[in-house]
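So the structure is just underneath, and the comments pick up after that.
Remember, it's a predicted structure, so these values are computed and weren't measured experimentally. In what follows, chains carry the letters A, B, and so on, assigned in the order in which the sequence lines appear, proteins first and then strands, with residues in each chain numbered from 1.
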Protein chains: 2
Amino acid sequence: MKQISSRFSVAVHILSIIALFPNESTGEFIAGSVNTNPVIIRKIIRLLKKAGLIAVRPGVGGASLLKDTGEITLLDIYRAVEVADQGELFHFHEEPNHACLVGNNIENALRDELRAAQLAMEQRLAQVTLQQLIAKFV
Amino acid sequence: MKQISSRFSVAVHILSIIALFPNESTGEFIAGSVNTNPVIIRKIIRLLKKAGLIAVRPGVGGASLLKDTGEITLLDIYRAVEVADQGELFHFHEEPNHACLVGNNIENALRDELRAAQLAMEQRLAQVTLQQLIAKFV
DNA sequence: CTCGTTGTAACCATATTAGTTCTAACCAAA
DNA sequence: TTTGGTTAGAACTAATATGGTTACAACGAG
């Protein structure tokens with residue numbers, strides 16, 4: 001990958017709108033703010049529903065948060081949009097040659113460090129709530 | 001992206017081999033340990049050269065480190081293989097609508113947090129040297 | 001000169017991403 | 001009960017990244 005999908009930043013955008021404008025937050029309105037297609041918004045909203053973060057009103061329109069903004073962290077959103085395959089950020093090359101000293105041991109040696117690095121990032125995301133983020137500009 | 005390219009883990013693998021077997025480390029030999037095509041190895045080796053981490057002997061074969069293993073960190077290798085576009089791990093959706101309160105402010109609000117999360121990960125990678133990694137299995 | 005090696009261009013299959021069009025299902029209000 | 005705005009989602013597309021492959025030129029020690 002070159003970059004973590006913008007699904008993540010769009011999801012944060014969507015949740016911010018739902019938090020601030022629960023009544024007006026139709027797919028069309030959100031798409032206008034994000035500046036993309038309503039179907040893109042719906043796809044991400046499906047993931048947010050699946051993660052139990054929001055409830056959507058079919059037919060009538062609009063959505064609402066299922067948790068307080070102070071209870072939703074950036075990590076919750078990051079996980080909801082499934083930007084990292086199997087939750088693993090780093091892709092380790094498959095099947096190194098076990099007949100070689102390095103090939104036989106590099107995976108175990110490196111795996112722990114990659115996990116630690118990923119964890120450091122995720123813990124930083126977990127420190128920020130949607131409430132704190134919104135407070136920056138309301 | 002779904003995952004950070006295996007170029008990173010392969011690069012660590014390559015450097016470990018060069019550190020341990022400087023004489024035998026031909027593209028063919030490394031490819032055998034990584035279990036891939038020699039051209040893949042050469043492409044990554046080109047990046048490692050570009051980053052000033054190694055020197056390669058054209059024609060004769062083999063490579064050597066330009067720094068002590070204790071002076072090469074996982075972050076150096078991560079940066080060398082250019083797995084994150086422009087060094088930015090997170091991709092923010094372009095051109096949100098500035099006529100909307102959220103669209104106008106979400107980028108500034110979120111950008112700092114994403115950078116902080118990325119930095120947390122990179123700092124963790126910077127704590128591990130190639131020497132420490134190799135020491136785990138020699 | 002020769003042989004093994006490095007360097008690199010060109011090409012390929014697959015997957016992801018972001019986006020589009022289209023249609024069905026939903027539900028409140030007229 | 002029909003209408004209109006909405007949600008739900010299938011199907012498709014273009015662009016790009018990835019990992020791999022083949023082929024060939026350039027290099028350099030023996």
Side-chain angles (χ1 to χ4, degrees), chain A residues 1-11 13-14 17-18 21-32 34-50 54-64 81-86 88-96, chain B residues 1-11 13-14 17-18 21-32 34-50 54-64 81-86 88-96:
Chain A
M1 119 206 156
K2 276 309 206 178
Q3 284 187 314
I4 288 173
S5 167
S6 64
R7 274 204 303 279
F8 180 34
S9 63
V10 171
H13 192 146
I14 291 172
I17 290 183
I18 293 176
F21 314 111
N23 296 327
E24 312 167 49
S25 58
T26 67
E28 194 76 33
F29 176 77
I30 297 173
V34 173
N35 191 20
T36 184
N37 193 290
V39 179
I40 304 294
I41 302 300
R42 282 184 226 137
K43 283 180 182 173
I44 296 174
I45 277 183
R46 170 167 38 167
L47 295 172
L48 297 175
K49 273 196 302 183
K50 186 174 157 192
I54 62 173
V56 176
R57 294 183 299 177
V60 53
S64 54
V81 294
E82 301 171 358
V83 287
D85 199 42
Q86 314 281 331
E88 293 275 349
L89 182 60
F90 294 91
H91 177 30
F92 197 94
H93 54 291
E94 334 265 313
E95 304 163 8
Chain B
M1 120 206 154
K2 277 308 205 179
Q3 284 187 315
I4 287 173
S5 166
S6 65
R7 273 203 305 280
F8 180 33
S9 63
V10 172
H13 192 146
I14 291 172
I17 290 182
I18 294 176
F21 314 111
N23 296 328
E24 312 166 50
S25 58
T26 67
E28 195 75 33
F29 175 77
I30 298 173
V34 173
N35 192 21
T36 184
N37 193 291
V39 179
I40 304 294
I41 302 299
R42 285 183 224 141
K43 282 180 181 172
I44 296 174
I45 277 184
R46 170 165 40 168
L47 296 171
L48 297 176
K49 273 195 303 183
K50 186 175 157 191
I54 63 173
V56 177
R57 293 183 299 177
V60 53
S64 54
V81 293
E82 301 171 357
V83 286
D85 200 42
Q86 312 283 332
E88 293 275 349
L89 183 59
F90 294 92
H91 177 31
F92 196 93
H93 55 290
E94 334 266 315
E95 303 164 9

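- In this structure, a donor-acceptor pair under 3.5 Å is absent between the side chains of A:Ser6 and B:His91.
- By the 4.5 Å heavy-atom criterion applied to side chains, B:Leu48 and B:Val56 are not counted as neighbours.
- Spacing between atom CD1 of A:Ile45 and atom P of D:dT6 amounts to 13 Å, rounded to whole angstrom units.
- At least one side-chain heavy atom of A:Val34 sits under 4.5 Å from a side-chain heavy atom of B:His93.
- Under the salt bridge (Lys or Arg N to Asp or Glu O under 4.0 Å) criterion, B:Glu88 pairs with B:Arg115, not counting sequence neighbours.
- Take B:Lys43 and apply the side-chain hydrogen bond (donor to acceptor under 3.5 Å, both in side chains) test, not counting sequence neighbours, and it matches no residue.
- Atom CG of A:Leu48 is separated from atom P of D:dA8 by 12 Å (rounded to the nearest Å).
- For A:Ser25, the side-chain hydrogen bond (donor to acceptor under 3.5 Å, both in side chains) test picks out no residue, with sequence neighbours left out.
- Here C:dT5 presents its P atom at 12 Å from CD of B:Glu24, a figure rounded to the nearest Å.
- Not a single side-chain hydrogen bond (donor to acceptor under 3.5 Å, both in side chains) links B:Glu94 to another residue, sequence neighbours left out.
- For B:Arg46, the side-chain atoms get nearest to C:dT8 when compared with the rest of C:dT6, D:dG9, C:dT8.
- For the helix from C:dC1-D:dG30 to C:dA30-D:dT1, the axis fitted to the five pairs at one end and the axis fitted to the five pairs at the other end meet at an angle of 0° (nearest 10 degrees).
- At a threshold of 4.5 Å between non-hydrogen side-chain atoms, the residues B:Val81 and B:Val10 do not count as touching.
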**Study point:** Nucleotide-resolved protein contact map, nucleotides 19-30 of chain D, B/S/- at heavy-atom distance under 4.0 Å
**Key:** SBBBB---BS--
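- Note: CD1 (B:Ile44) to P (C:dT8) measures 15 Å, nearest angstrom.
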